Number of protein chains: 2
Amino acid sequence: MLSHKAKYALKALLYLAQQEETHVSRTIEIAEAATIPKKFLEQILLDLKRGHFVGSKQGKFGGYYLLKSKNDITLADIHRLFDGAIALLPCASLNFYERCSDCADESECLLRHGLITIREETLKAMEGITIASLVKK
Amino acid sequence: MLSHKAKYALKALLYLAQQEETHVSRTIEIAEAATIPKKFLEQILLDLKRGHFVGSKQGKFGGYYLLKSKNDITLADIHRLFDGAIALLPCASLNFYERCSDCADESECLLRHGLITIREETLKAMEGITIASLVKK
DNA sequence: ATTAATTCTATAAAATTAGTAGAGTTTAAA
DNA sequence: TTTAAACTCTACTAATTTTATAGAATTAAT
């Protein structure tokens, strides 16, 4: 399941994707349009900025705008940024790999093989969902 | 990601699937073989029993055994039993459906459509992974 | 200088997860 | 019928994560 943070991030990105390219959106404007607690959204937008998905303009008349093309922001990206690994266990993850402490010999683990298959399939599906594809409904 | 409970459940089921059909396995035996805290495993086996995946024999010389065929226990089943919905948000779930409180009109939600697609694809993948397929490596 | 915005750090309440404790019940066998 | 060995059940606890909130600092336009 997605965390609220990831869900809010996606909703904020969808909002930004629907604005004119030149428009910068204030946090409060996004928060009200997408029903997201404003102070929580502040953090989320900063995370998105650090992930180089959005840019910001500071000071009066400042706000946020999409930095990457809406075609290049995928569900997999946002999942990884806010909720971490796509894989079902760390030992089956590419970007968040970690050994299981309860596993004597990883190469012998019956579970891992199946979970790698799952990761490959869900990753492909999640990379197919972009902000652009969501906006197009 | 899978919870430890779900991971332990899968490891326990894999252990049971590798025993002879007539054999009943004691909790302590499974715990030691699969490196699972015994008292934690007790709870997990009871959950698996209530889900009709395993059966038990009480009293001295009692223990657990597979109730369902290893071909009929899927990763999706175990995910649902221990970790709930397969879908990324409750509003996109079949078995754990819930409305989002921050969503004014669900039929208008741009996110939901994409998440239903993802759910369909990952569900298909997860239903393809059975205890039998994992044992066969 | 003032206003309106982002940025940053700290804090807090609630929920979830992971695991432990201990008493109760059931069954086989001596 | 007693004992041993197993499952069953309920409650509890500690740690972690999640979901925020608060407030001061910084930036930029007018």
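Everything quoted here is computed from the prediction, not taken from an experiment. Order of the sequence lines sets the chain letters (A, B, ...), proteins ahead of strands, with each chain counted from 1.
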To the nearest Å, how far apart are B/D102 CG and D/dT19 P? 12 Å
Specify the separation, in whole Å, of atom NZ of A/K5 and atom P of C/dT16. 18 Å
With sugar-phosphate meaning primed atoms plus P, OP1 and OP2, does B/Y8 contact a base, only sugar-phosphate, or nothing at under 4.0 Å between heavy atoms? sugar-phosphate
Choosing from D/dA29, D/dT27, D/dT8, which nucleotide comes nearest the side chain of B/K49? D/dT8
State the OG1-CG distance between A/T117 and B/L134, to the nearest 0.5 angstrom. 9.0 Å
Could you check how far NZ of A/K11 sits from P of D/dT19, rounded to whole Å? 13 Å
Taking it one step at a time, do B/E42 and B/K38 satisfy salt bridge (Lys or Arg N to Asp or Glu O under 4.0 Å)? CA-CA 6 Å; B/E42 283 180 9; B/K38 193 215 165 201; 3.3 Å; yes
Considering only heavy side-chain atoms of B/K57, the closest of D/dC9, C/dT27, C/dA18 is C/dT27
Hey, is the side chain of A/T27 poking within less than 4.0 Å of OP1 or OP2 on C/dT6, counting only N and O atoms? yes
Please state how far atom CZ in B/R26 lies from atom P in C/dT26, giving the value in whole angstrom units. 22 Å
Let me know the distance between CG of A/L2 and C1' of D/dT17, rounded to the nearest Å. 16 Å
When you check the phosphate oxygens OP1 and OP2 of C/dC8, does a side-chain N or O of A/R50 lie under 4.0 Å from one of them? yes
Using atom CD1 of A/I36 as one end and atom C1' of D/dT19 as the other, report the distance to the nearest whole Å. 13 Å
Does a nitrogen or oxygen in the side chain of A/S56 sit under 4.0 Å from OP1 or OP2 of C/dT7? yes
Rounded to whole angstrom units, what separation is found between the CD atom of A/E42 and the C1' atom of D/dA22? 10 Å
A/K39 vs D/dG23: side-chain N/O to OP1/OP2 distance below 4.0 Å: no
Measure across B/A92 and B/R119 and return the closest heavy-atom pair with its distance rounded to 0.1 Å. O-NE, 2.9 Å
Salt-bridge criterion met for A/E106 and A/R99 (N-O under 4.0 Å): no
If you pin B/F40 and A/Y64 to their nearest nucleotides in DNA chain C, which one's is more 5'? A/Y64
Base, sugar-phosphate or nothing for A/G62? Non-hydrogen atoms, less than 4.0 Å. sugar-phosphate
Output the single nucleotide from C/dC8, D/dA20, D/dA29 whose closest atom is nearest the side chain of A/P37. D/dA20
Would you say C/dT17 has OP1 or OP2 under 4.0 Å from some side-chain N or O of B/H4? no
Could you tell me whether the side chain of B/Q19 and the main chain of B/Y15 form a donor-acceptor pair under 3.5 Å? yes
Distance check needed: C/dG19 P versus B/L45 CG, whole Å only. 15 Å
Under the 3.5 Å rule, do the base of C/dT20 and the side chain of B/Q43 count as making a donor-acceptor pair? yes
